[in-house]
Number of protein chains: 2
Amino acid sequence: MPKDGTATKELILDCTQELVYERGFSATTLDLVLEKAKLTKGAFFHHFKSKDDLATSLIERYLIGEAMLLNSLVERAEQVTRDPLQQVLAMIGFLIDDIDTGGPLSKGCLFASYAFELAEFDENVRALSKRGFTKWREVIGDKFEKAMEKYQPKIPVSAMDLTENMLASFEGGIVIFRMEGSPHIISHSMIAFRNYVSLLFDAD
Amino acid sequence: MPKDGTATKELILDCTQELVYERGFSATTLDLVLEKAKLTKGAFFHHFKSKDDLATSLIERYLIGEAMLLNSLVERAEQVTRDPLQQVLAMIGFLIDDIDTGGPLSKGCLFASYAFELAEFDENVRALSKRGFTKWREVIGDKFEKAMEKYQPKIPVSAMDLTENMLASFEGGIVIFRMEGSPHIISHSMIAFRNYVSLLFDAD
DNA sequence: ATTAAAACATACTAAAAGGTATGTCAATAC
DNA sequence: GTATTGACATACCTTTTAGTATGTTTTAAT
C-alpha cells in the first residue's frame, strides 16, 4: 500500500473553507485553492471528482464538526445543572467562550456562507446545509420546550421562536463580523440573546 | 435627443439584485442577468462599463433606498412620540410591518449578500457596503444613547451594543430566511429584539 | 424630411474557469 | 529487489464568461 493522502485532502478542505469565508464558494476557484495549498490539479482531482464534490465534502465535514460541538455543549451543560433553562444559558455561555477564544465559530459559519448562494448548489448540498440548522433547532428547541414547561415567559413566545431567535442571533453576529472584521461582535450578539432569555424568564 | 434608457438600466439592476439574492454576485453571470431581463450584451455594456461597475451601481442604488427608508422610519417614529426609547420601539415596529407586508427588506439585504463575498469586490464597493451599516449605526445608536440618558437598563449594556444587536437581529433573520425560505423569520427576529429592549428597560 | 445621438442587437474575441490525459514518484507487500 | 498501487505533478483540452467591435433602430430637435 502506498502513502496516506488524507492529510492532503484535509488541507484542500481547510484552504477551501478559508477562501469560502472570504469570497464565497463560486468565487473560490480551484486555482486559488491549489495555490493556497501549494498543490496542483492532479492532487485535487485525485481526491475530488469535481468542484461540486468539493462543496459536498466541505459541508459534510462541517456538519460532523458542528454535530460534535453541539453534543459537547449539551453534555457539558447537563453536567452543570439539571434545569433545562439553566442548561440553555450555560450552552450559550460555552458558545461565547468558544468564539472569544478563537474557536471554529469565530472564523465564520459555513451554513451562512452557503445560504447566500444556495441556488448555485445542487439539491444534495442544499439538503445537507438545511440539515445543519435542523439539528440545532431540534436540540435547542427541546431544551426550550422543557424550560417552558417549568417557567412562564414574561412575554408570550414559543419554544420554536426562541430557538430560531438564538440561531438568528448567532448568524446575525456572523454577518456583522464579515462586514466589520471583529469576531467579538458574534459573542456580543449571543450575550444579548442570553440577556433576553434571562429577562424573559427572570433567571439569574 | 434619443429615447430614455433609464428604465432599462433599472431593469438590469432589478434582475441583478434578484439573482444576487439567490446565488450571490460572483455566480450571477451577465448572461443570466440578460436572459432574465430579456436583453443582450449590447444593452448591458451601453449602461455599464463592466461587471464591477454593475456591482458598484447596485450597491449605490441600494444605499439610497436604505437611506430613504431609514429617514422615513425616524420621521414616522418622531411623530408618534418624543421619547427616544419609544421611538426605537416604534421604528422596530415599522420595520416589522415593512417585512410582513412584503416590503423591500423581506426580499433580502444586499449588505449581507455582499458581506459573504467581500474579497471579490474592489475597495470602493467594500467601502460603500460598510457605509450602509455605519449609517444605521449612527442613527439608531443616537436614539439608544438618548434612551439610556433617560432610562437605566436592567442589565448593563452600552448603546452601541444594543445598536449592533439590533442590526445583528435583522441580519440573522435574513440568514435563516435564506436557508428556510419564509421571510416571516426576519420579523420574528426583530420581534425578539423588541421584546429584549422592552424587558431591558421595563417599557410597555 | 433630415440628421444626430442615444439605445439597443449581433457576432465575435480573449481569458479564465473546470476538467482530462498522462506521466512520475514513493511506499509497501511479496 | 521487484511489482503494484495510491499520491501526486504536468500539460493539455473545453466551456464558460467578461468584454469588444460593429451594425441597426429609435427618438427628437432642426
Side-chain angles (χ1 to χ4, degrees), chain A residues 1-20 22-59 61 113-114 117 119-125, chain B residues 1-20 22-59 61 113-114 116-125:
Chain A
M1 281 178 200
K3 62 180 167 181
D4 186 23
T6 54
T8 304
K9 187 166 184 177
E10 288 297 306
L11 174 65
I12 293 175
L13 288 171
D14 290 343
C15 293
T16 303
Q17 188 161 327
E18 268 190 59
L19 287 164
V20 169
E22 291 168 6
R23 51 212 316 140
F25 185 79
S26 297
T28 297
T29 67
L30 301 184
D31 286 340
L32 271 172
V33 172
L34 295 169
E35 183 191 19
K36 194 181 185 78
K38 293 191 190 301
L39 292 167
T40 61
K41 287 273 171 77
F44 179 84
F45 284 98
H46 176 73
H47 292 287
F48 303 94
K49 285 193 310 228
S50 62
K51 201 195 172 188
D52 279 5
D53 185 32
L54 176 65
T56 308
S57 299
L58 191 63
I59 192 74
R61 187 183 72 156
S113 286
Y114 273 33
E117 33 188 349
E120 271 297 293
F121 298 109
D122 57 47
E123 199 49 58
N124 183 34
V125 170
Chain B
M1 280 177 197
K3 61 179 169 182
D4 187 23
T6 55
T8 304
K9 187 166 184 177
E10 287 298 306
L11 175 65
I12 294 176
L13 288 171
D14 290 344
C15 294
T16 303
Q17 188 161 327
E18 267 190 59
L19 287 164
V20 169
E22 291 169 7
R23 55 215 310 142
F25 185 79
S26 297
T28 297
T29 67
L30 301 184
D31 286 340
L32 272 172
V33 172
L34 295 170
E35 183 191 17
K36 195 181 187 78
K38 296 191 188 299
L39 292 167
T40 60
K41 286 275 170 74
F44 180 84
F45 283 99
H46 176 74
H47 292 287
F48 302 95
K49 285 192 311 224
S50 63
K51 200 194 173 189
D52 279 5
D53 185 31
L54 176 64
T56 308
S57 299
L58 191 64
I59 192 74
R61 188 184 71 156
S113 286
Y114 272 32
F116 282 89
E117 31 189 352
L118 263 194
E120 271 297 292
F121 298 109
D122 56 48
E123 199 49 60
N124 182 35
V125 170

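To find a chain, count down the sequence lines: A is the first, B the second, and so on, and within it residues start at 1. All figures in this text were calculated on a predicted structure; none of them were measured in a lab.
- Qualifying salt bridge (Lys or Arg N to Asp or Glu O under 4.0 Å) partners for Asp53(B), counting only residues two or more places apart in sequence or in other chains: none.
- As rounded to whole Å, 14 Å separates atom P of dT17(D) from atom CD of Glu120(B).
- Under 4.0 angstrom from either OP1 or OP2 of dC8(D) there lies at least one side-chain N or O belonging to Thr8(A).
- At a threshold of 4.5 Å between non-hydrogen side-chain atoms, the residues Leu54(A) and Leu13(A) count as touching.
- Atom pair Lys51(B):NZ and dA15(C):P shows a separation of 19 Å (rounding to whole Å applied).
- In this structure, Leu34(B) atom CG and dT16(D) atom P are separated by 17 Å, rounded to whole Å.
- Between Asp53(A) atom CG and dG18(C) atom P there is a gap of 14 Å when expressed in whole angstrom units.
- What separates CZ of Phe48(A) from P of dA7(D) is a distance of 12 Å, to the nearest Å.
- The aromatic rings of Tyr114(A) and Phe121(A) lie parallel to each other, with less than 30° between the two planes, well short of the 60° mark.
- What separates NE2 of His46(B) from P of dG23(D) is a distance of 18 Å, to the nearest Å.
- Remark: P of dT16(D) and CG of Leu30(A) are 16 Å apart, rounded to the nearest angstrom.
- With 3.5 Å as the limit, one finds a donor-acceptor pair spanning the side chains of Asp4(A) and Thr6(A).
- For Lys41(B) against dG19(D), a side-chain-to-base donor-acceptor contact under 3.5 Å is present.
- Remark on DNA chain C: of its neighbouring residues Thr29(A) and Gly42(B), the 5'-side contact belongs to Gly42(B), judged by nearest-heavy-atom nucleotide.
- Residue contacts shown for Thr40(B) include a base, since a base heavy atom lies under 4.0 Å away.
- When rounded to the nearest whole Å, the span between CZ of Phe45(B) and P of dA14(C) equals 16 Å.
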